[in-house]
*Asks:* 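Before anything else, here's the structure in question.
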Amino acid sequence: MNPTITLRFLGCGDAFGSGGRAQSSFFLHTSSLGFMVDCGATTLVQLKAAGLTTNELDIIALTHFHGDHYGGVPYILLDAALYQNRQKPLTIISPPGGQARITALLESLYPGTHEKIFGKLDLNFLEYNGEDRLEPEANVQLHTFPVIHSPESLPHGFRLQIGENILGFSGDTTWTDTLPEIAEGSDLFVCECNNFNTVTPQHIDYHTLQENLGQLRCKRIILNHLGEEMLSNLDKVEIPVAEDDEEIVF
């Protein structure tokens with residue numbers, strides 16, 4: 001039986017809050033699973049504004065180590081341990097070093113708390129590195145792909161399969177030939193498009209994406225991580241753009 005999946009865009013903006021948009025966080029939930037892709041600093045606020053709680057999370061998977069993609073994890077852990085009195089396990093999936101980075105971030109934000117928080121929670125840290133395949137839950141497969149962004153952040157894209165549904169996430173990246181592989185046959189490909197005209201080694205621009213759109217053989221594509229340049233040119237954009245708190249059901 002293929003589960004019904006709801007994807008809620010808790011945040012689809014860039015690191016700078018361009019257009020007043022929240023930072024990256026995508027929450028997929030079925031009747032038995034809560035799977036979050038990325039957890040920017042604004043995520044807990046957006047989660048609660050949507051009427052959801054941290055108890056509904058089972059897995060948080062991080063595409064890379066930039067603050068607008070993992071800076072919200074300490075607040076999720078604080079809420080889960082101190083406010084929700086969470087009992088069930090929580091799995092955090094990341095590139096190498098996730099536990100150490102999250103520990104350091106939590107300790108920097110709230111000195112003296114990390115041992116107490118970790119002691120209250122049943123946390124499971126999983127790591128991937130390069131092109132890996134993980135199965136963190138039954139009928140859940142995560143295929144990771146290196147992409148091209150700031151190398152120190154260990155950037156990856158995701159191809160996530162839940163039941164029979166496949167969703168692709170570019171993560172933060174400039175154009176790379178890996179993207180068609182992530183998007184191939186997916187029900188939805190969530191693709192970053194930070195810039196409209198400006199070509200950079202860290203992010204995709206709209207014109208480059210248009211030139212390569214035929215290579216992305218997915219059923220549906222939606223753009224996220226829009227910067228000011230993209231937002232000021234939305235009247236020229238022909239590809240659907242994600243909005244904060246938007247829901248898509250599969």
*Asks:* Hey, does I166 have a side-chain heavy atom less than 4.5 Å from the side chain of L160?
*Replies:* no

*Asks:* Which heavy atom in A22 sits nearest to a heavy atom in L10, and how many Å separate them?
*Replies:* CB-O, 3.7 Å

*Asks:* Could you pull out the closest heavy-atom pair between S108 and P111, with the gap in Å?
*Replies:* O-CD, 4.0 Å

*Asks:* Under a 4.5 Å cut-off applied to non-hydrogen side-chain atoms, are N195 and H207 in contact?
*Replies:* no

*Asks:* Looking only at atom types and distance, does a side-chain atom of T176 sit under 3.5 Å from a main-chain N or O of T178, one as donor and one as acceptor?
*Replies:* yes

*Asks:* Report, as yes or no, whether the 6.0 Å neighbourhood of atom NZ on K116 holds more than 12 heavy atoms from other residues, nucleotides or ligands.
*Replies:* no

*Asks:* Less than 4.5 Å apart, any side-chain heavy atom of H149 and any of H64?
*Replies:* yes

*Asks:* Side chains of N2 and F250: closer than 4.5 Å at any heavy-atom pair?
*Replies:* no

*Asks:* Check for a donor-acceptor pair, side chain of D132 on one end and backbone N or O of N129 on the other, with a separation under 3.5 Å.
*Replies:* yes

*Asks:* Do other residues, nucleotides or ligands put more than 12 heavy atoms under 6.0 Å from E238 CD?
*Replies:* no

*Asks:* Y83 and L44: same hydrophobic cluster, using ILVMFWY side-chain contacts below 4.5 Å?
*Replies:* no

*Asks:* Is it the case that H225 and D14 place a side-chain donor and acceptor less than 3.5 Å from each other?
*Replies:* no

*Asks:* I would like to know whether L57 and L52 meet side chain to side chain contact (heavy atoms under 4.5 Å, CB included); could you show each step before the answer?
*Replies:* CA-CA 9 Å; L57 294 173; L52 302 168; over 6 Å; no

*Asks:* Assigning hydrophobic clusters by single linkage (Ile, Leu, Val, Met, Phe, Trp, Tyr; side-chain heavy-atom cutoff under 4.5 Å), is L226 placed with V147?
*Replies:* yes

*Asks:* Could you verify whether a donor N or O on one side chain and an acceptor N or O on the other, from H66 and D172, lie under 3.5 Å apart?
*Replies:* no

*Asks:* Please determine whether residues L134 and L154 belong to a single hydrophobic cluster, defined as Ile, Leu, Val, Met, Phe, Trp and Tyr linked transitively by side-chain heavy-atom distances below 4.5 Å.
*Replies:* no

*Asks:* With rounding to the nearest 0.5 angstrom, report the CD to CZ distance, E131 to R159.
*Replies:* 11.0 Å

*Asks:* Give me the one residue out of F26, F9, F158 that meets ring-ring contact (aromatic ring centres under 6.0 Å, His included) with F169.
*Replies:* F26

*Asks:* Calculate, to the nearest 0.5 Å, the distance between atoms NE2 and OG1 belonging to H69 and T63 respectively.
*Replies:* 5.5 Å

*Asks:* Between F35 and H29, does the ring centroid distance fall short of 6.0 Å?
*Replies:* no

*Asks:* Examine distances only and state if a side-chain atom of E184 and a backbone atom of E181 form a donor-acceptor pair shorter than 3.5 Å.
*Replies:* no

*Asks:* Parallel, tilted or perpendicular: which one describes the rings of F145 and H143, with boundaries at 30° and 60°?
*Replies:* tilted

*Asks:* Between the side chain of T174 and the main-chain N/O of T200, is any donor-acceptor distance below 3.5 Å?
*Replies:* yes

*Asks:* Is there side-chain contact between Q87 and N85, with heavy atoms separated by less than 4.5 Å?
*Replies:* yes

*Asks:* Taking the side chain as every heavy atom from C-beta outward, state whether Y128 and H156 have any pair of such atoms under 4.5 Å apart.
*Replies:* yes

*Asks:* Could you go through the side chain to side chain contact (heavy atoms under 4.5 Å, CB included) check for L62 and I93 one step at a time?
*Replies:* CA-CA 6 Å; L62 307 173; I93 303 173; over 6 Å; no

*Asks:* Please report the C-alpha distance between I76 and C39 in whole Å, then the side-chain angles of each, then the deciding distance to 0.1 Å, and finally whether the side chain to side chain contact (heavy atoms under 4.5 Å, CB included) criterion is met.
*Replies:* CA-CA 9 Å; I76 296 290; C39 187; 3.7 Å; yes

*Asks:* Is the side chain of E246 donor-acceptor paired with the backbone N or O of E243 at a distance under 3.5 Å, no angle test?
*Replies:* yes

*Asks:* State plainly whether one hydrophobic cluster holds both I204 and I148, where clusters connect Ile, Leu, Val, Met, Phe, Trp and Tyr through side-chain heavy atoms under 4.5 angstrom apart.
*Replies:* no

*Asks:* Check step by step if side chain to side chain donor-acceptor pair (under 3.5 Å) holds for T54 and D79.
*Replies:* CA-CA 7 Å; T54 52; D79 180 83; 2.7 Å; yes

*Asks:* Side-chain heavy atoms nearer than 4.5 Å, only ILVMFWY residues, links allowed to pass through others: does that put L90 and L47 together?
*Replies:* yes

*Asks:* Quick one about D38 and S25 (side-chain donor to acceptor, distance below 3.5 Å, no hydrogens or angles considered), yes or no?
*Replies:* no

*Asks:* Between S153 (side chain) and S150 (backbone), is there a donor-acceptor pair under 3.5 Å?
*Replies:* yes

*Asks:* Side chains of L33 and I59: does their closest heavy-atom pair fall under 4.5 Å?
*Replies:* yes

*Asks:* Looking at S186 and C218, what are the two nearest heavy atoms and their distance?
*Replies:* OG-CB, 3.3 Å

*Asks:* Let me confirm one number: the CG-CG distance from L28 to L7, rounded to the nearest 0.5 Å.
*Replies:* 4.5 Å

*Asks:* Give the minimum heavy-atom separation between R220 and D187, together with the two atoms involved.
*Replies:* CB-O, 3.4 Å

*Asks:* Atom CD1 in I102, atom CZ in F125: separation rounded to 0.5 Å?
*Replies:* 5.0 Å

*Asks:* So, do R86 and L121 sit near enough that their side-chain heavy atoms are less than 4.5 Å apart?
*Replies:* yes

*Asks:* How far apart are the closest heavy atoms of D244 and G20, and which atoms are they?
*Replies:* OD2-O, 4.4 Å

*Asks:* Looking only at side-chain N and O atoms, does T43 offer a donor or acceptor that is under 3.5 Å from a partner on Q23?
*Replies:* no

*Asks:* Before you tell me yes or no, could you show the steps for Y70 and I60 under side chain to side chain contact (heavy atoms under 4.5 Å, CB included), namely the whole-Å CA-CA distance, both residues' side-chain angles and the distance that decides it to 0.1 Å?
*Replies:* CA-CA 10 Å; Y70 89 110; I60 301 173; over 6 Å; no

*Asks:* Taking atom CG of N139 as the centre, does the number of heavy atoms from other residues, nucleotides or ligands within less than 6.0 Å exceed 12?
*Replies:* no

*Asks:* Between the side chains of E192 and H203, is a donor N or O closer than 3.5 angstrom to an acceptor N or O?
*Replies:* yes

*Asks:* Which value, rounded to the nearest 0.5 Å, describes the distance between I5 atom CD1 and T30 atom OG1?
*Replies:* 7.0 Å

*Asks:* Between atom CG of N124 and atom CG of D122, what is the distance when rounded to the nearest 0.5 Å?
*Replies:* 7.5 Å

*Asks:* Using distance alone, with no hydrogens and no angle criterion, decide if D205 and N194 have a side-chain donor and acceptor under 3.5 Å apart.
*Replies:* no

*Asks:* Provide the closest heavy-atom pair for P136 versus L126 in the form atom of the first, atom of the second, distance.
*Replies:* CB-CD1, 4.3 Å

